[in-house]
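The structure displayed is predicted, hence computed values, not measured ones. Order of the sequence lines sets the chain letters (A, B, ...), proteins ahead of strands, with each chain counted from 1.
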Amino acid sequence: MNYIILDLEWNQSSTGQEPEAAKLPFEIIEIGAIKLNQERVMVSEFSQLIRPTVYRRMHRITSKLIHMRMEELERGKPFTQVVEDFLRWCGEDYIFCTWGPLDLTELQRNLRYYGMAPLSRGPIAFLDVQKLFSIAYEDRKSRRALEWAVDYLEIKKDIPFHRAFSDAYYTARVLAAIRDPEVLKNVSYDVFNPPLCREEEIKVQFDTYFKYISRTFPDKTAALADREVSSSKCYLCRRNLRKKVKWFSPNGRHYYCVAYCDKHGFLKCKTRIRKTEDGKVYVVKTSRFISPEDMEKLVERRDHARKMHSHSRKTAGKGPDKAGQTRGSIS
DNA sequence: CCGCAGACATGACACGTTTC
DNA sequence: GAAACGTGTCATGTCTGCGG
């Protein structure tokens with residue numbers, strides 16, 4: 001399997017007034033890519049400018065960043081042709097790799113705008129090299145700028161940043177620098193097209209956690225009522241577990257619970273509600289085993305939310321409530 | 001019935017980080 | 001500038017139980 005390291009440059013409305021802005025907030029103006037083989041050795045490259053059809057002026061911040069002028073883009077080819085060439089160049093057996101989670105979403109949005117065939121019916125597995133860098137060299141959570149990672153790894157900066165090809169090139173260098181093959185197993189999913197039915201749902205086991213991306217539901221209540229969403233299952237035993245800490249939410253967007261498995265210990269589930277473009281919702285649930293200490297920390301976090309809540313009630317008199325601690329009603 | 005709180009919900013922000 | 005994501009705080013609500 002090859003690695004296709006993809007980077008896009010895009011432009012946006014300079015006024016924010018264009019009616020197209022709702023359909024196409026970002027217009028892709030350049031595609032750059034590097035192909036690595038199975039051994040992560042560079043075997044091919046792709047670089048193409050795109051002649052814009054929507055935004056005829058370069059946004060001032062964009063132009064400052066990518067050092068490109070509209071006149072240069074006139075030499076570009078139409079988006080549809082460039083994408084066709086690009087996908088042909090990609091070949092058959094590959095996985096997309098990008099710096100950060102945005103590029104595949106914007107690529108698909110542009111494809112849809114031009115009425116082209118979608119890359120996929122549902123979610124697309126890809127490697128977010130920005131995330132892999134964090135897993136390999138930092139705390140798994142931080143997200144660094146590409147140049148930061150290049151400096152950290154002492155990769156020679158022989159071409160300027162912020163052009164599609166050069167950023168794809170540097171991203172490929174960072175990917176190739178990651179030694180531990182286990183890190184590459186941390187695949188991400190672009191959910192521009194969420195799963196529409198049970199069969200399309202994503203269930204993946206990673207080294208230290210399990211990820212579930214649900215099909216879409218009409219609303220949040222329906223999503224939280226679903227058995228698969230609300231369950232706390234040991235992903236090693238495949239058994240449903242009894243909850244020690246029931247579902248609670250410190251902020252209304254994330255939900256947590258802790259269950260206990262006789263064989264594997266405390267299992268923490270974290271559920272995030274995501275909105276789709278057409279107003280539906282889907283759920284991303286991750287499960288991981290935690291230590292008894294971390295279990296205590298989570299309980300404290302719940303109780304802290306409770307305390308903050310009641311404290312604000314007291315100090316504010318008849319006034320407003322604070323963030324509650326169990327915003328959901330997952331059973 | 002009213003007033004008062006606590007518990008439970010939820011949306012609107014602000015901040016900090018990244019992408020272009 | 002605009003968008004996305006995570007985190008946290010603030011400003012609104014509703015529901016329920018208790019005492020009067």
d(CG, A:D103; P, C:dA4) in whole Å: 14 Å

Atom pair distance, as rounded to whole Å: CG in A:L6 and C1' in B:dC20: 13 Å

Between C:dA4 (C1') and A:K131 (NZ): distance, integer Å: 15 Å

Sugar-phosphate, base or nothing in reach of A:D128, heavy atoms under 4.0 Å: nothing

Ion pair A:D151/A:K157, N-O distance below 4.0 Å: yes

Side-chain N,O (A:R274) to OP1/OP2 (C:dG6) below 4.0 Å: yes

Interatomic distance where CD belongs to A:E106 and C1' belongs to C:dA4 [whole Å]: 10 Å

A:K244 NZ/CZ over A:Y260 ring centroid, <6.0 Å and within 45° of normal: yes

Nearest-nucleotide pick for A:H254, side chain only, options being C:dT7, B:dC20, C:dA3: C:dT7

Proximity to the side chain of A:R272 - top-ranked nucleotide from C:dA3, B:dC20, C:dG6: C:dG6

Residue pair A:S44 / A:W89: nearest heavy atoms and the distance that separates them: OG-NE1, 2.7 Å

Parallel, tilted or perpendicular: ring planes of A:H264 versus A:F289, cut at 30 and 60 degrees: tilted

Sugar-phosphate only, base, or nothing, as touched by A:L8 at under 4.0 Å among non-hydrogen atoms: sugar-phosphate

Rounded interatomic separation in angstrom, taking CZ from A:R109 and C1' from B:dC20: 13 Å

Whole-Å gap separating P (C:dA4) and CD (A:Q108): 14 Å

Cationic N near anionic O, under 4.0 Å, A:E200 to A:R215: no

A:H162 side-chain N/O to B:dC20 phosphate OP1/OP2 under 4.0 Å: yes

Integer-rounded Å distance: B:dC20 C1' and A:I50 CD1: 14 Å

Do any N or O atoms of the protein come closer than 3.5 Å to N or O atoms of nucleotides 12-18 of chain B, and which pairs are they?
{"from": "B:dT18", "atom 1": "O3'", "to": "A:Q130", "atom 2": "NE2", "distance (Å)": "3.4"}

A:L104 CG - C:dA3 P separation (whole Å): 20 Å

Selection residues 98-118 of chain A - residue pairs positive for ring-ring contact (aromatic ring centres under 6.0 Å, His included), sequence neighbours left out: A:F79-A:Y114

Atom of A:V229, atom of A:K285 and distance for their closest heavy-atom approach: O-NZ, 3.1 Å

